[in-house]
Amino acid sequence: MHQKFWGWLHGSMVGLQCLAVTVGLGAGLGAAAFRWLIETATHVFTGYDDYAAVAGAASAHLPGLGRWFLLVTPVIAGLLYGPLVYRFAREARGHGVPEVMYAVAERGGRIRPQVAVVKALASALCIGGGGSVGREGPIVQIGSALGSSLGQLVRLPESRLRLLVACGAAGGIAATFNTPIAGVFFALELILGDFAVESFAAVVLAAVAAAALSRAAFGDHPFLALPSFSISSAWEYVAYAVLGLLAAGVGVGWSRTLYFVEDLCDRLWRGPEWLRPAVGGLLLGGLLLVLPQMYGVGYPVLGRAVAGGYAIGFVLLLLVGKILATSLTIGIGGSGGVFAPSLFVGAMLGEAFGLVLRALDPALVPSPGAYALVGMGAVFAGAARTPITAVLIMFELTGEYRIILPLMLAIALAAGVSKLLSRDTIYTRKLLRRGIDLGAPDRALARIPVSAAAGPLPAPLAPQTGLPELTARFAADDRMALPVLDEVGHLLGVVPALEVERAVQDAAGEVTAADLAHVVPMLRGDESLEEALAELTRHGGAGLPVGAAGVPSAWLTHRDLLRAAAGIRPGG
């Protein structure tokens, strides 16, 4: 019974979905706990739950200092989270999403369990101490680490382990923003790069579970109060197109500035890494002293700007200030996301653009806040180049269907022009700087065709082969799967050894090879081993047939892939 349960959990769709729901609930709880940690840390450092709501006020703990306490809060926070990150999980430094992308693409979805705890504590201390970063990147890494830890605990194969990592990311976004649809597509578009039915179903369940838990804890309302949206003239579409073009430039410039400041900090710092956040915190504290609106995530400031609470000059100052403050926070070794800062920068760009248009023609632009909404999505699309996620998250945040057309127009232009301006994004650039190109066409397996690595086709099974013959065949053969062919040599499917083992345990005496066969794709001889690896992993990794027109002629396994990568010829 115990083995049967583990086999069901590992191999069945229902077992995967149960794990996905578990990860979603864990991500929802993690998001709630992380939000509480941020509020607690902010209250300890400032005396307020969110200092950005009272930016410039004196500390509630030490009112006699006025706003001068802002000079030392990042230093104290850095003294706490710097050694924590350096000692226990150095991958918790920075904004987190690139590390998750790398774990999925190159490490089979493996993330160390302690990353979730260290990332939560370090990011909460960083944000609570004045770090001008977001909470979404950390919760993506926290949720992904939870999913990876659960998958490793139950010893899932890599294909399903990667999927649980994506489930954790989707749950984190869904719970943080109260946007389950955007959470799904964030995970599929950015983390997993896979829209298969199995992936979609699992990620949806995780996002729904996380969002339901978040709504039970915090209510069913968006994270930000946004103005109503309307289109007063067809000419506004031209204005939104121009905003999309501007957003592409701002998004790419924001990404370049982030890494330029990080490089500058790397060149200037010569001390121990654990001390870097504290010493750099003096610079951040000086910036907060001048512009206290940059303290923490900054949602209250964003909301006030979108509601028209600032003049155009100050809006532009906030735009530049956020780029510098976030870049400095990450550069000195802080821990936090760049998702929320991207939305903040986009909102300031859109609000400034709307204010300029209203000054030119008040009748054309009744509400500059509408441009701020579109600017939020467009700058994020320009920086991260995830247009589907950008459209959906803004649609879910507003609940306004009328925003869709200008939003899609601006985001499409921003993402397209961004790709012309830069080959990397705000997420992939961090990996490229380490020599890791997730989309590189010239990786070793991409240069080798399947035909150069595949071995001979195993002796096939007949559809009517019974369980005793199947058991004897697998006992005498070291292969983990065998093909099933009909009378004319066409592939009917593949029987994994695991299915035969389960049938023996269940005493399924009447079962045949046709009953146990799994339908699998047939690889082409001219496709790359990199493409074949994805199919092998997706279908259990036991082996896949190679051929054409439904007739297999060769067989490919993971061992064949490794031999090809090592330069060993088949049969050599």
Side-chain angles (χ1 to χ4, degrees), residues 224-257 291 293-294 298-299 301-324 326 339-385 387 390-391 393-395 397-398 400 402-418 420-421 426:
L224 191 65
L226 299 170
S228 60
F229 184 88
S230 64
I231 295 286
S232 60
S233 167
W235 285 104
E236 281 199 75
Y237 288 104
V238 177
Y240 284 113
V242 174
L243 177 58
L245 297 176
L246 291 173
V250 171
V252 172
W254 147 229
S255 174
R256 295 295 175 86
T257 302
L291 198 61
Q293 289 80 5
M294 296 299 101
Y299 286 146
V301 179
L302 192 160
R304 185 174 177 185
V306 171
Y310 302 122
I312 184 171
F314 193 66
V315 169
L316 291 173
L317 179 62
L318 291 175
L319 187 157
V320 175
K322 193 66 175 181
I323 291 176
L324 292 177
T326 302
F339 196 119
S342 297
L343 297 184
F344 189 103
V345 170
M348 298 308 116
L349 174 68
E351 179 71 13
F353 185 75
L355 289 171
V356 169
L357 290 182
R358 188 169 68 175
L360 296 175
D361 185 356
L364 182 64
V365 186
S367 173
Y371 288 87
L373 300 182
V374 174
M376 289 166 70
V379 167
F380 175 68
R385 214 170 298 149
V391 169
I393 198 166
M394 294 312 303
F395 175 62
L397 287 177
T398 61
E400 284 276 1
R402 289 173 293 180
I403 198 176
I404 284 295
L405 292 181
L407 188 64
M408 290 174 67
L409 174 63
I411 285 175
L413 288 171
V417 174
S418 168
L420 295 176
L421 296 175
I426 200 167

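Scope of the values below: all heavy atoms of this structure, side chains included, with no hydrogens, waters or symmetry mates.
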Could you tell me if the side chain of M348 sits less than 4.5 Å from the side chain of K322, heavy atoms only? no
Assess whether side chain to side chain contact (heavy atoms under 4.5 Å, CB included) is satisfied between D361 and W235, documenting all intermediate values. CA-CA 12 Å; D361 185 356; W235 285 104; over 6 Å; no
Just verifying a value: how many Å separate L343 CG and I393 CD1, rounded to the nearest 0.5 Å? 6.0 Å
L349 and L243, any side-chain heavy atoms less than 4.5 Å apart: yes
Atom pair CD1/CD1 of I404 and I411 - distance to nearest 0.5 Å: 8.5 Å
Nearest 0.5 angstrom please: L319 CG to E351 CD, how far? 11.5 Å
Counting only N and O atoms by type, is there a donor-acceptor contact under 3.5 Å from the side chain of S342 to the main-chain atoms of F380? no
Heavy-atom pair of closest approach, residues A247 and A378: CB-CB, 3.5 Å
Note, F353 side chain near V242 side chain (heavy atom, < 4.5 Å): yes
Tell me the closest heavy-atom pair linking V374 and A410, and the distance in Å. CG1-CB, 3.4 Å
Heavy-atom pair of closest approach, residues M376 and A347: CG-CB, 3.5 Å
First locate atom CE of M408, then atom CG of L413, and finally report the distance between them rounded to the nearest 0.5 Å. 11.5 Å
Could you tell me whether the side chain of L357 reaches within less than 4.5 Å of the side chain of E236, counting heavy atoms only? no
Return the OG1 to CG distance between T257 and L324, rounded to the nearest 0.5 Å. 7.5 Å
Can you tell me how far apart CZ (F344) and OH (Y299) are? Round to the nearest 0.5 Å. 11.0 Å
Which atom names give the shortest non-hydrogen contact between S255 and I426, and what distance separates them? OG-CA, 3.4 Å
Nearest heavy atoms of S418 and A248, plus distance in Å: N-CB, 3.9 Å
Pairing donors with acceptors under 3.5 angstrom, does anything connect the side chains of Q293 and Y310? no
Does some side-chain heavy atom of L409 sit less than 4.5 Å from a side-chain heavy atom of L405? no
Please give me the minimum heavy-atom distance between A390 and A381, naming the atom from each residue. CB-CB, 4.0 Å
